[in-house]
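Some notes on the structure that comes next.
In listed order, ligands and their atoms are each counted from 1. Note that these values count all heavy atoms, side chains included, but never hydrogens, waters or copies made by symmetry. Here, residue 1 is the first one in the sequence, and each next residue gets the next number.
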Amino acid sequence: SDEDQGGEEYLYKIVLIGDSAVGKSNLLSRFARNEFDNNSKATIGVEFQTQVVEIDGKEVKAQIWDTAGQERFRAVTSAYYRGAFGALIVYDISRRTTFDSVKRWLDELGVHCDTATVKMLVGNKCDLENIRDVSVEEGKNLAEEEGLFFMETSALDSTNVITAFELVIKEIYNNVS
Ligand code: GDP
Ligand code: MG
């Protein structure tokens, strides 16, 4: 309750960006509901889910925004980014073109968000080792160059999904409080 927290409220907006079909929606559904969908269903309008995480005995709410497929048309609006404390820039380790797009997504983030925004590069679909197209090293190197946190994840088998979101949330909490 508010009383327990001395009236303090922690609500952090976090955005998911990256090319179409890299697994953004499934990362969110895995984190928020422990669900995975094989068929990505197109939704209308911007959607977010709120997830509560406990840090230092405090309830921290992460409001995680997912695109509704508008990234396909390079039409993610400034409203989507507005007020974001954190961003997960997602690519698919089995499709190099999605890794090549990361720089463009970072440019867009730079236009819409301030430099304090906590950013994590996420190489999703690490379960697809047999058709890997981007090495772990390349992901790490790009993250280091650009000053991003880095993690490989799988929304399918759950690898690092909670870890990735929680790291970003904790980092925001540490910066803000
Ligand atoms: P989005 O367009 O970035 O939101 O991507 P989606 O979450 O809709 O996922 C696109 C496709 O990739 C779907 O067919 C998912 O089932 C699949 N997918 C998502 N995450 C993973 C993953 O971690 N591993 C594998 N193998 N497939 C995934
Ligand atoms: Mg989606």
Side-chain angles (χ1 to χ4, degrees), residues 12-51 62-84 86-113 117-140 142-143 146 148-169:
Y12 306 142
K13 175 177 174 178
I14 295 171
V15 294
L16 284 162
I17 53 173
D19 282 3
S20 193
V22 295
K24 299 180 297 299
S25 298
N26 273 283
L27 284 167
L28 181 53
S29 62
R30 176 61 78 197
F31 179 59
R33 305 191 303 274
N34 198 20
E35 283 174 13
F36 183 83
D37 266 315
N38 262 307
N39 304 308
S40 34
K41 39 184 188 292
T43 43
I44 297 162
V46 157
E47 277 198 331
F48 62 79
Q49 299 213 18
T50 305
Q51 186 75 357
Q63 187 186 72
I64 302 157
W65 289 53
D66 185 20
T67 68
Q70 65 268 41
E71 72 276 24
R72 209 167 305 159
F73 315 106
R74 299 197 176 184
V76 178
T77 61
S78 54
Y80 185 76
Y81 294 100
R82 193 169 300 133
L88 278 75
I89 306 104
V90 187
Y91 66 94
D92 173 348
I93 67 128
S94 74
R95 271 196 302 144
R96 177 161 293 275
T97 55
T98 68
F99 182 68
D100 295 337
S101 295
V102 167
K103 287 238 161 98
R104 189 171 56 76
W105 287 110
L106 287 172
D107 287 346
E108 199 160 308
L109 256 185
V111 169
H112 296 287
C113 296
T117 306
V118 174
K119 303 178 197 89
M120 176 180 273
L121 180 64
V122 175
N124 189 42
K125 308 197 188 182
C126 69
D127 56 285
L128 297 177
E129 190 58 49
N130 56 328
I131 54 165
R132 177 184 283 277
D133 201 17
V134 182
S135 71
V136 180
E137 212 54 38
E138 287 173 287
K140 270 188 191 160
L142 178 60
E146 301 287 343
L148 320 167
F149 291 99
F150 173 68
M151 216 162 266
E152 283 200 352
T153 60
S154 168
L156 177 66
D157 70 16
S158 300
T159 302
N160 282 341
V161 177
I162 294 173
T163 314
F165 279 106
E166 288 195 349
L167 194 150
V168 170
I169 296 164

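Nearest to atom 18 (N) of ligand 1 by heavy atom, out of Glu71, Lys125, Arg30, is Lys125.
Within ligand 1, counting atoms from 1 as listed, the ones closer than 4.0 Å to a heavy atom of Ala155 are 20 (N), 22 (C), 23 (O). Distances below 4.0 Å separate heavy atoms of Lys24 from the following atoms of ligand 1: 1 (P), 2 (O), 3 (O), 4 (O), 5 (O), 7 (O).
The part of Asp37 lying near ligand 1 is the backbone, judged by heavy-atom distances below 4.0 Å. Contacts between Asp127 and ligand 1, counted as non-hydrogen atom pairs separated by less than 4.0 Å, involve the side chain only. In Val90, neither the side chain nor the backbone holds a heavy atom less than 4.0 Å from any atom of ligand 1.
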Does Val22 form a side-chain contact (heavy atoms from CB on, under 4.5 Å) with Arg95? I'd like the steps, not just the answer. CA-CA 9 Å; Val22 295; Arg95 271 196 302 144; 4.1 Å; yes
Please step through side-chain contact (heavy atoms from CB on, under 4.5 Å) for the pair Asn124 and Lys24, ending with a clear verdict. CA-CA 9 Å; Asn124 189 42; Lys24 299 180 297 299; over 6 Å; no
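Ion pairing of Lys125 with Asp133 is absent here, as no side-chain N (NZ or NE/NH1/NH2) approaches a carboxylate O to less than 4.0 Å.
Across Leu27 and Phe165, no two heavy atoms sit closer than the pair O-CE1, 3.6 Å.
Because the distance cut-off is set at 2.8 Å, Thr67 fails to qualify as a neighbour of the Mg ion (ligand 2), as none of its N, O or S atoms comes that close.
Ligand 1 has no N or O atom lying under 3.5 Å from any N or O atom of Phe36, backbone or side chain. Between Leu128 and ligand 1, not a single N/O pair is under 3.5 Å apart. By the 3.5 Å distance cut-off applied to N or O atoms, Ser20 is not counted among the residues near ligand 1.
Between Tyr91 and Val122 there is no side-chain heavy-atom pair separated by less than 4.5 Å.
Between Tyr80 and Trp65, the ring-plane angle classifies as perpendicular under the 30° and 60° cut-offs.
Under the 3.5 Å distance criterion, with hydrogens and angles disregarded, a donor-acceptor pair is assigned to the side chains of Ser25 and Asp66.
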